[in-house]
Amino acid sequence: WEASYDLGESWSQARKTHKENRSLYKVDLVVYPQLQFRNLILDKMYTFLFNISPAVQVSLWNGMKLTGQIIFPIINEYGWDYDQIRQGVATVEDCLFDDCRLPVGRSNYGGAIYVKGGGIQYPCVTSVSGKRIVGTIYIPRELNISDRHGEWNCRFNIVGIGDGAFARLGIDHVRMGDYIVKIGNAAFAGCKDLFVVEATYNIKEIGKYAFSGCTSLGGMTAPLERLGKGAFANCVSLFSVRLQDKLQEIPALAFANCETLTEVEMPNVRKIGPSAFAGCSSLKSLKPESQGAGYPENLADIGEDAFAQCLKLESVEIPAGVTNVGACAFAQCGALKDVAILGTNLSIGDFAFAECSSLGEVNFNIDTTDCTIGEAAFSDCAALKMVRMPKGVRRIGDCAFADCMALADVYFDGAAPETNHDLGIFDGANKYLVSFARIADGWGTLPGEWEDRPVKLWTDYPNAVAHRVVVFDLRNRA
């Protein structure tokens, strides 16, 4: 932020003028009557409490006010706790601007906007009162702020838009120059008619729910360093988002329920938060540098429900750097057909791919060294026919492949993974399912039984090579 106490030559001249009725160290005595009543006893409709509470208010310096209060009981039917003369509130209040009228440079709406608080450090445009605002908003570079009576005037540079500044207004077009670096929490939330935001590449931060519910907004490009929770949630017309390489985390609900979102560029994101893209029903592909949501190779964490209910998502490639795929991360993606998991050390959360009814193929990296699969991770995947587990799969949770009615073959490159032995990883799955083990370690006597299903050595099953078994190999990408 750029801040300055320099108010120019006009202020030095104003300080020389004679001042009448100055507020500095001014003492005011204010008397507050207090009346309370309640209904707590059976034999009386109400009991009353009436106090007189005088307060002393002292203006210490510009914007600073000290208040001290004493309470004197006059009528007391509340009991002995309220009989004593006692201290009331004691506050210190600092308010640089108190309801100061702010004339704006160019606008096509009636009325004025106001600055409340804000301060020297980063004066911001805040809430609008009075007349309904419609049409185009132009955020000026400078503000000339005067008091209600026009007795003083100050000039400040605008560097941001405050929390809730234009929330739920009828504006459809916003223009802001390169002097705006921050958009506050819920600044444009609920502006259903807003479809164009003309911003520059200087915006560094967009706050929580800043544009949530802007159902007409079509796109946004900014070199962001920070993005707030739910910033574009429920923007049902948003079809394109381009994020620059300084943004490393997409927070929870950031683009949730953006139903027409088809293109997302996030070149340097390392973490995708919970439900960040949940309900984005037009996304079709998730691959690095793809024409869909192209996420970066250095992505490390995919949060809970991150892409849940992306109904048109057909293909997912999880980069090698990912160490966590959260619970329900891709749950209920009904069109998802194939998943490539390139990571060698990762955890797949509970229900991560549950109810992906079209999922027919899951490809793990052949070099996987440590992988755990959570409970019900691939449950209810009705089209899944075959899975090959690399030797690095250490643990598989209960019901991991439950109710996968088409699942016929599961191949294991390594020793038998750990299981809970409670509900079984194949509970409700195809009763003819057969597991095949490459080595005998941990499998007991082969052929035999594992998780209530037959298990055989691959050498005992000569037709295994005839099955379409695909394992992703990063060494030759095939």
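Here the structure is a predicted model, which is why all the values come from computation and not from measurement. Atoms considered below: every heavy atom in the structure, side chains included; atoms not considered: hydrogens, waters and symmetry mates.
- Here N268 pairs with N298 under the side chain to side chain donor-acceptor pair (under 3.5 Å) rule; sequence neighbours left out.
- Under a 3.5 Å cut-off, the side chain of S275 and the backbone N or O of A306 do not form any donor-acceptor pair.
- With respect to K385 and E361, no salt bridge is recorded, no charged nitrogen being found less than 4.0 Å from a carboxylate O.
- Side-chain N or O atoms of S358 include one that pairs as donor or acceptor with a backbone N or O of G334 at under 3.5 Å.
- Open room surrounds CZ on F37; 12 or fewer heavy atoms of other groups in view lie less than 6.0 Å from it.
- Proximity of a side-chain donor or acceptor of S282 to a complementary backbone N or O of E259 within less than 3.5 Å is detected.
- Relative to the six-membered ring of F364, R388 misses at least one condition, a distance below 6.0 Å or an angle of at most 45° to the axis.
- The shortest side-chain heavy-atom distance between E375 and N420 falls under the 4.5 Å cut-off.
- Inter-residue side-chain proximity for I348 and T372 is flagged as unmet; no heavy-atom pair is nearer than 4.5 Å.
- Of all heavy-atom pairs between F378 and C404, the closest is O-SG, 3.1 Å.
- No donor-acceptor distance shorter than 3.5 angstrom exists from the side chain of S237 to the backbone of G218, with no hydrogens or angles considered.
- The two atoms that bring L227 and L247 nearest to each other are N-CD1, 3.9 Å, heavy atoms only.
- Between the CZ atom in F307 and the SG atom in C328 there is a gap of 14.5 Å [rounded to 0.5 Å].
- Checked by atom type, the side-chain pair S315/D338 shows a donor-acceptor distance below 3.5 Å.
- By the 30° and 60° cut-offs, the orientation of the rings of H173 relative to F195 is tilted.
- In this structure a side-chain-to-backbone donor-acceptor pair under 3.5 Å is missing from R395 to G374.
- Although no hydrogens or angles enter the test, the distance criterion places a donor-acceptor pair under 3.5 Å between the side chain of T260 and the main chain of V236.
- Minimum heavy-atom separation, I272 to M266: CD1-CE, 4.1 Å.
- From T215, atom OG1 reaches atom CG of N257 across 13.0 Å, with rounding to the nearest 0.5 Å.
- Considering only residues two or more places apart in sequence or on other chains, R226 meets the salt bridge (Lys or Arg N to Asp or Glu O under 4.0 Å) condition with E205.
- With sequence neighbours excluded, the residues that form a side chain to side chain donor-acceptor pair (under 3.5 Å) with S53 are Q34.
- K284 and E314 are not joined by a salt bridge, as no carboxylate oxygen comes within less than 4.0 angstrom of a charged side-chain nitrogen.
- Among all heavy-atom pairs drawn from E263 and E265, the shortest one is OE2-OE2, 3.4 Å.
- Among I250, V264, N234, the one residue that satisfies the side chain to side chain contact (heavy atoms under 4.5 Å, CB included) test with F255 is I250.
- A distance-only check finds a donor-acceptor pair linking the side chain of D163 to the backbone of N185 [under 3.5 Å].
- Between G213 and C235, the closest heavy-atom pair is N-SG, 4.4 Å.
- Taking every heavy atom of both residues into account, A233 and L253 meet most closely at CB-O, 3.4 Å.
- Rounded to the nearest 0.5 Å, atoms CG (L342) and CG (N363) are 9.5 Å apart.
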